[in-house]
Amino acid sequence: MAYLGNPARTKEIINKYHLSAQKKFGQNFLIDTSVLEDIVSAAGITKDDTVLEIGPGIGTLTQYLAEAAGHVIAVEIDDKLLPVLEDTLSEYDNTKVLNSDILEVDIKALSEAENNGKPFKVVANLPYYITTPIIMKLLEAGSPVESITVMVQKEVADRMQEKEGSKEYGALSIAVQYYSDPRVVCVVPPSSFIPQPGVDSAVIKMTRYEQMPVEVEDEAFFFQVVKAAFSQRRKTLVNGLSNNKELGVSKDMAGDALEKIGRSRTERGEKLSLEEFGRLSDVLIELKK
Ligand code: SAM
């Protein structure tokens, strides 16, 4: 089996199996060998690693991963691709394909079953319609994931890296930067895929922190605060926080908490750094007691 990472081989497979790229599953197949090489090299995979791939598609990236890693577990939602993967991965005895929705997979149980409980390196050309829920699932506390090297929409990669004060800074930036150190590896044009997506893409690597850069008293409450702060972008933080019933924070309480961390009562969420959100959430917990 020759490598798939070129337009002719990909078209051959698509024709052989009468496939049509499923829009509902975000299927855009990679056909650019230099991008495939960049992804694998950025992920820093060795034969000691077990890679978790999300959405192997027709197996293009999976072949590269199988060459570099000890084992590859690939989770694919589209059962029409299973016979294709059986064919394209037939030469690799270190790959296993699971037919599941990644959002339904218990990653901790998977690492216990397939990797002696050790963390995975996640590598994927992600389906763009569910990028954020997948990233959040992989990052959240307790997920056995060492690093995440993924293709996403360029605009989403930018948001993941943004700092306070910028227009794109939001709940996703804070979550990604709370758990990991994000770095953009390369920007990828639509011409690197079949079919071509309507936007530029980027490969981003998130290396998970062993020790979080910000310590918070209650992680779940911290994320509730962040979500409430950005749910009504044009409103002040005081309004955003007090309008969220789940938080149980009054206008006065929110204003007092902002002053306690050295900010004005009329401040907006996009001005606060990750560290300030951490302090704000801790102060709110104190005031609620
Ligand atoms: N890895 C292939 C490549 O690079 O050419 C395909 C990438 S394509 C952008 C996204 C893949 O994710 C598709 O194969 C799609 O069927 C799969 N997918 C979509 N939603 C999924 C989900 N919830 N769980 C697992 N796989 C999913």
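Just so you know, these numbers use all the heavy atoms, side chains as well, and skip hydrogens, waters and symmetry mates.
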Check against side chain to side chain contact (heavy atoms under 4.5 Å, CB included), M206 and V150: CA-CA 9 Å; M206 289 158 261; V150 283; 3.8 Å; yes

Min side-chain heavy-atom separation I39-Y64 under 4.5 Å: no

Worked verdict on H71 versus V51 for side chain to side chain contact (heavy atoms under 4.5 Å, CB included): CA-CA 6 Å; H71 296 276; V51 170; over 6 Å; no

Contact summary for I73 and L110, nearest pair of heavy atoms: CG2-CD2, 4.3 Å

Heavy-atom side-chain proximity of L258 to L272 below 4.5 angstrom: yes

Any pair counted as side-chain hydrogen bond (donor to acceptor under 3.5 Å, both in side chains), so long as it reaches residues 133-154, sequence neighbours left out: K154-D158

Closest non-hydrogen atom pair between I58 and L85, with its separation: C-CD2, 3.6 Å

Whether Y178 and F222 hold their rings parallel, tilted or perpendicular, with breakpoints at 30° and 60°: tilted

Inter- and intrachain pairs under salt bridge (charged side-chain N to carboxylate O under 4.0 Å, His left out), touching residues 23-43, at least two apart: none

Minimum heavy-atom distance Q196-F193, with the two atoms named: CG-O, 3.5 Å

Pairing residues for S41 by the side-chain contact (heavy atoms from CB on, under 4.5 Å) criterion, not counting sequence neighbours: none

Closest non-hydrogen atom pair, L237 against A229: CD2-CB, 3.4 Å

Side-chain heavy atoms of L139 within contact of S180, under 4.5 Å: yes

Residue pairs fulfilling side-chain hydrogen bond (donor to acceptor under 3.5 Å, both in side chains) with at least one residue in residues 198-213, sequence neighbours excluded: Y128-S201

I77-I107 co-clustered via ILVMFWY side chain contacts under 4.5 Å: yes

Path from F25 to L61 over hydrophobic side-chain contacts below 4.5 Å: no

For the student: nearest non-hydrogen atoms of R265 and D252, plus distance: NH2-O, 3.4 Å

Lys/Arg N to Asp/Glu carboxylate O, R263 vs E259, below 4.0 Å: no

Separation of S273 OG from K163 NZ (nearest 0.5 Å): 9.0 Å

Y129 reachable from I135 in the ILVMFWY side-chain graph, under 4.5 Å edges: yes

Neighbour count >12 (heavy atoms, 6.0 Å) for atom CD, E86: no

With Q224, the side-chain contact (heavy atoms from CB on, under 4.5 Å) member among L247, V249, D218: L247

Test ring-ring contact (aromatic ring centres under 6.0 Å, His included) applied to F223 and F230, step by step: CA-CA 11 Å; F223 280 112; F230 289 100; over 10 Å; no

S173 versus Q177, side-chain donor and acceptor atoms under 3.5 Å: no

Polar contact flag, side-chain donor to acceptor under 3.5 angstrom, K251-N239: yes

V97 and V75, any side-chain heavy atoms less than 4.5 Å apart: no

Residue pairs fulfilling side-chain hydrogen bond (donor to acceptor under 3.5 Å, both in side chains) with at least one residue in residues 109-124, sequence neighbours excluded: D49-K121, T50-N115, K96-E114

Criterion side chain to side chain contact (heavy atoms under 4.5 Å, CB included) on I194 and N28, from CA distance to verdict: CA-CA 6 Å; I194 290 181; N28 299 93; over 6 Å; no

Note: E275-R279 ion pair, threshold 4.0 Å (strictly below): yes

From OG1 (T88) to CZ (R9), nearest 0.5 Å: 9.0 Å

Pair listing, salt bridge (charged side-chain N to carboxylate O under 4.0 Å, His left out) test, anchored in residues 68-85, at least two apart: none

Atom pair OH/CG of Y17 and D87 - distance to nearest 0.5 Å: 3.0 Å

Shared hydrophobic cluster, V123 / F120 (ILVMFWY, side-chain heavy atoms < 4.5 Å): no

Rounded distance (nearest 0.5 Å) linking atom CG of D256 with atom OG of S250: 7.5 Å

Interatomic spacing from NZ in K289 to CG in L287 - rounded to 0.5 Å: 10.0 Å

Closest non-hydrogen atom pair, I204 against P182: CD1-CB, 4.0 Å

Test item: S264 side-chain N/O and T266 main-chain N/O as donor-acceptor pair under 3.5 Å: yes

Flag, side chain of N125 to backbone of M151, donor-acceptor distance under 3.5 Å: no

Trace of the side chain to side chain contact (heavy atoms under 4.5 Å, CB included) decision for V105 with D101: CA-CA 7 Å; V105 172; D101 176 346; over 6 Å; no

Aromatic contact, Y169 with F277 (centres under 6.0 Å): no

M160 reachable from V145 in the ILVMFWY side-chain graph, under 4.5 Å edges: yes

Residues, nucleotides or ligands: over 12 heavy atoms within 6.0 Å of K167 NZ: no

Straight-line distance of I54 CD1 to I102 CD1, nearest 0.5 Å: 4.5 Å

Check: V238 main-chain N/O paired with S242 side-chain donor or acceptor under 3.5 Å: yes

Pair R159 + E162: basic N to acidic O under 4.0 Å: no

